[in-house]
*Asks:* 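Shown below is the structure under consideration.
As a basis for the values below, the full set of heavy atoms in this structure was taken, side chains included, without hydrogen atoms, waters or symmetry mates. Within every chain, numbering begins at 1; the chains are lettered A, B, ... in the order of the sequence lines, protein sequences first and strands thereafter.
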There are 2 protein chains.
Amino acid sequence: MGTGNMDTTARKVDTVNMVEGPGAARRYHHGNLRAALIDTAVDQARAGGADAVVLRDAARRTGVSHNAAYRHFADRDDLLAEVSSRGMAELEQRMRDRLADLPADDHGRPAAARLRAVGREYVHFALAEPGLFATAFACGRPEEGAPGQGPYGVLSTVLDEMVSAGELPAERRPGADLTCWAAVHGFAVLCLQGPLQELSEQEREAQLDGLLERVARGL
Amino acid sequence: MGTGNMDTTARKVDTVNMVEGPGAARRYHHGNLRAALIDTAVDQARAGGADAVVLRDAARRTGVSHNAAYRHFADRDDLLAEVSSRGMAELEQRMRDRLADLPADDHGRPAAARLRAVGREYVHFALAEPGLFATAFACGRPEEGAPGQGPYGVLSTVLDEMVSAGELPAERRPGADLTCWAAVHGFAVLCLQGPLQELSEQEREAQLDGLLERVARGL
DNA sequence: GTGTCCATGTTGCCGGTGCCCACATCGGCG
DNA sequence: CGCCGATGTGGGCACCGGCAACATGGACAC
């Protein structure tokens, strides 16, 4: 078991969806199956959440027989974990992109604005990619990783910036990350699968603004 | 379809687990199958979350053939919705119980203490009954019901009390419920399936205290 | 060049599930 | 007393996750 140690940053061979014309010699060995399967599984997760990640169907779509997947993943959960990592990475990237978009000449309380932007993007990602977002957290494994990485790392960094900028007393820093994360995550979950589904986009955005404001005030 | 209109507040006949001794005449008609199936399904959800709610197994445990369930539920989702309602009801009840436990002679800011108690119990329930809690929110249907009912209703009432008691400016009331709910729900979810699983109970409680304090401060 | 080995992919199979069908049973009604 | 509709039964289908045995062919030693 534990076959999943191929180089994750694999060469981006476009082996997926090779045109299988009559003359095209179909290779017996796929060459990049693991990565291709993960791509397909991510698509499944995007479309329907964790439950939609189905090994047999993924293999079928990838043009390979079922059971081929078991050469690269111990079981379905192993594949799900990979999808979860992808989801986390994409969420983190979007948050970082959003930060990069912020104008540098922000007057007033720039670090606080960064915190708001990060929180808003967290929710926006969850609403834009509900399936992937849910799958990212559906994985039971605690997502081991260097602290300071992942979405939590981004949030943490921004809070540290607030302390440096004098916008947050240092003695209030411990625990602040968790409060921000919980509020934003809870809002996203309640919007997705909870009782806030019916909110119009405008209402949602207004409520989100209110939430971010209150959270920042309470830090 | 839509057979699910039996009186939900059904008589509590103890038809489950009847001793089927050799002399006990086993009735062809169960008499209370719907309620018994829901009970079993709730047990399944308690044990393993929404995925553990399995129609065939529930029927088996209830001592009835599969397919019998389809006389009472349109499909699995229909049964899940019922489990969800049960979970919501139990959560609400625990919150109300907790409120009732509070001493009436609370000095200082009694309504704020009630808010903290409600929030704490929300998280405690989620941690004590992770499967049922998850299933309660896993149901896609927006949980139609009179506003002011359910866990949200309890929270809402307490916030109204805070306004009446002068502990919360009326202009800050709108949106406060959502912020509280999101923070507490997010904390619970992150503890259950997220990256906060590894926290010891003491750390968790400390973080929860901090969160409740910050949220209250930001209201 | 050639022969071997083993990672990779294939077919076959099993138990389990959700859901549909036709049939069996029984209680209440005329 | 006889019928009928509500309730429960058995069988069947498609699909899934996971094991086992077999097939393929690329890489590497010689």
*Asks:* Drop me the distance from B:Asp51's CG to B:Gln44's CD, to the nearest 0.5 angstrom.
*Replies:* 11.5 Å

*Asks:* Under 4.0 Å from any atom of DNA chain D, heavy atoms only: list the residues of residues 46-54 of chain A that qualify, in numerical order.
*Replies:* A:Val53, A:Val54

*Asks:* Are OP1 or OP2 of C:dT11 and a side-chain N or O of A:Ser65 less than 4.0 angstrom apart?
*Replies:* yes

*Asks:* Check the distance between C:dC19's P and B:Leu80's CG and give it to me in whole angstrom.
*Replies:* 10 Å

*Asks:* If you take the centroid of each ring, where Trp contributes its six-membered ring, are B:Tyr122 and B:Tyr152 closer together than 6.0 Å?
*Replies:* no

*Asks:* What is the separation between atom CG on A:Leu37 and atom P on D:dG17, rounded to the nearest whole Å?
*Replies:* 12 Å

*Asks:* Does a side-chain N or O of A:His72 approach OP1 or OP2 of C:dG9 to a distance below 4.0 Å, or not?
*Replies:* yes

*Asks:* What I want to check is whether an N or O donor and acceptor connect the side chain of A:Arg76 with the base of D:dG17 at under 3.5 Å.
*Replies:* no

*Asks:* Could you check how far CZ of A:Phe73 sits from P of D:dG18, rounded to whole Å?
*Replies:* 13 Å

*Asks:* Over 60° means perpendicular and under 30° means parallel, so classify the ring planes of B:Trp181 and B:His185, tilted if in between.
*Replies:* perpendicular

*Asks:* Take atom CZ of A:Arg34 and atom C1' of C:dG9, then tell me their distance rounded to the nearest Å.
*Replies:* 16 Å

*Asks:* Just verifying a value: how many Å separate B:Phe187 CZ and B:Leu211 CG, rounded to the nearest 0.5 Å?
*Replies:* 6.5 Å

*Asks:* Charged N to carboxylate O under 4.0 angstrom, B:Arg120 versus B:Asp209?
*Replies:* yes

*Asks:* Rounded to the nearest 0.5 Å, how far apart are CG of B:Leu208 and CG of B:Leu196?
*Replies:* 11.0 Å

*Asks:* If I take atom CG in residue A:Asp75 and atom C1' in nucleotide D:dG17, what distance separates them, rounded to the nearest angstrom?
*Replies:* 9 Å

*Asks:* Taking side-chain contact (heavy atoms from CB on, under 4.5 Å) as the definition, give me every residue that meets it alongside B:Ala59, ordered by chain and number, with sequence neighbours left out.
*Replies:* B:Val64

*Asks:* I'd like to know if A:Glu213 and A:Arg116 make a salt bridge, using a cut-off of under 4.0 Å between side-chain N and carboxylate O.
*Replies:* no

*Asks:* Hey, what are the protein-to-nucleotides 12-14 of chain D N/O distances that come in under 3.5 Å?
*Replies:*
none

*Asks:* Between A:Leu55 (CG) and D:dC15 (P), how many Å, whole number?
*Replies:* 16 Å

*Asks:* Between A:Arg94 and A:Glu90, does at least one N-O distance fall below 4.0 Å, as a salt bridge requires?
*Replies:* yes

*Asks:* The side chain of A:Arg71 is closest to which nucleotide in this list: D:dG8, C:dT10, C:dC19?
*Replies:* C:dT10

*Asks:* Nearest-Å distance, OH (A:Tyr70) to P (C:dG9)?
*Replies:* 15 Å

